[in-house]
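This report concerns only the one structure given below.
Sequence positions, counted from 1, serve as the residue numbers for this chain. Indexing begins at 1, ligand by ligand and atom by atom, following the structure's order.
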Amino acid sequence: MAGERIGLFGGTFDPVHFGHLRLAEEAREAAALSRVIFIPAARSPFKSHRLLTDAHHRYQMLLLATAPNPAFTPSDIEIQRGGISYTIDTVRQLAAQMPHAQLFLIMGLDSLAEFPQWRKPLQIIQHCRLLVGIRPGYAPEPILAMLPEAIRNAVHLVPSVPLDISASQLRAFVREGRSLRYLTPDNVIEYIRNHQLYLEGEAPAEPKPLEGEAPAEPKSQEA
Ligand code: ATP
């Protein structure tokens, strides 16, 4: 559709939770988006310290969580592309597919703090404005102050209800046998239970370096 305003929301979504869903809804409302596309990363450059849950499961949980909202859809574009998922590649691909759409990138403040380290951030903001939701534990002012001006000018802070929920916390709750109710939709909880996800301790993504070997360089970019 010509001129359609579309939000792109990347992440690992391991698993999706109400912090993600609420941010997407607030961004949709604030920027009058007609759609929000949730894009699970195949592999995230910023989360190389642990093995992500199989992309198929993360995508299925997004399907369940977004089903009740007609404006929300997941996309498997990064899963299909495979390898490390760089946002610039996704944004370029989607901009080429939807040349008339106005694209917005949705993220939390913790991701904005890392945004200058992403691959080609200045090219990303040529394609989309950044819709940034507050996240408990992250103050907007110091993060905005340390951004290069071009990036800061692309940011629109989304007034949002702070929800102190993270996927790591949900994974830890499952391991501890604690309830996930009211942290993520019931159908996601059921999926986690049926597929016995998150019961094991977290596995490192890469083998530990042998003694005397230098540890792997931390990678930049994310989602
Ligand atoms: P993990 O705990 O595994 O690091 P996460 O909960 O941070 O995961 P991601 O999939 O890494 O979830 O996040 C995707 C995007 O959603 C990021 O831009 C992140 O800032 C944002 N986000 C995640 N949780 C929240 C939240 N509770 N409030 C606002 N933004 C959030």
As an exercise, identify every atom of ligand 1 less than 4.0 angstrom from a heavy atom of S168.
1 (P), 2 (O), 3 (O), 4 (O)
Return yes if a side-chain donor-acceptor contact under 3.5 Å exists between R135 and S166, otherwise no.
no
Looking only at N/O atoms, are S111 and ligand 1 under 3.5 Å apart anywhere?
yes
Where's the contact between I134 and ligand 1, heavy-atom distance under 4.0 Å: side chain, backbone, both or neither?
backbone
So is there a nitrogen or oxygen of H17 less than 3.5 Å from a nitrogen or oxygen in ligand 1?
yes
Test item, D110 contacting ligand 1 (heavy atom, 4.0 angstrom)
yes
A167-ligand 1 polar pair, N/O distance under 3.5 Å:
yes
Could you see which bit of R171 sits under 4.0 Å from ligand 1, with heavy atoms only: side chain, backbone, both or neither?
side chain
So for Q169 against ligand 1, with non-hydrogen atoms under 4.0 Å, the contacting part is neither
Near G10 (heavy-atom distance under 4.0 Å), the atoms of ligand 1 are 14 (C), 15 (C)
Please could you name the atoms of ligand 1 that L23 approaches to less than 4.0 Å, counting only its heavy atoms?
30 (N)
Counting each atom of ligand 1 from 1 as listed, which ones have a heavy atom of M107 under 4.0 Å away?
18 (O)
Which atoms of ligand 1 have any heavy atom of G11 under 4.0 Å away?
10 (O), 14 (C)
Look at atom CD of Q196 and say whether more than 12 heavy atoms of other residues, nucleotides or ligands are closer to it than 6.0 Å.
no
Below 4.0 angstrom from a heavy atom of G19, which ligand 1 atoms are there? Numbered from 1 as shown, please.
26 (C), 27 (N)
Tell me, yes or no, whether the heavy-atom count around Q97 atom CD, taken from other residues, nucleotides or ligands under 6.0 Å, exceeds 12.
yes
Atoms in ligand 1 flagged as close to I165, the criterion being non-hydrogen separation under 4.0 Å
24 (N), 26 (C), 27 (N)
Under a 4.0 angstrom heavy-atom cut-off, which atoms of ligand 1 come close to F13?
10 (O)
Pair E25 + R22: basic N to acidic O under 4.0 Å
no
Short N or O distance, I106 and ligand 1, threshold 3.5 Å exclusive
no
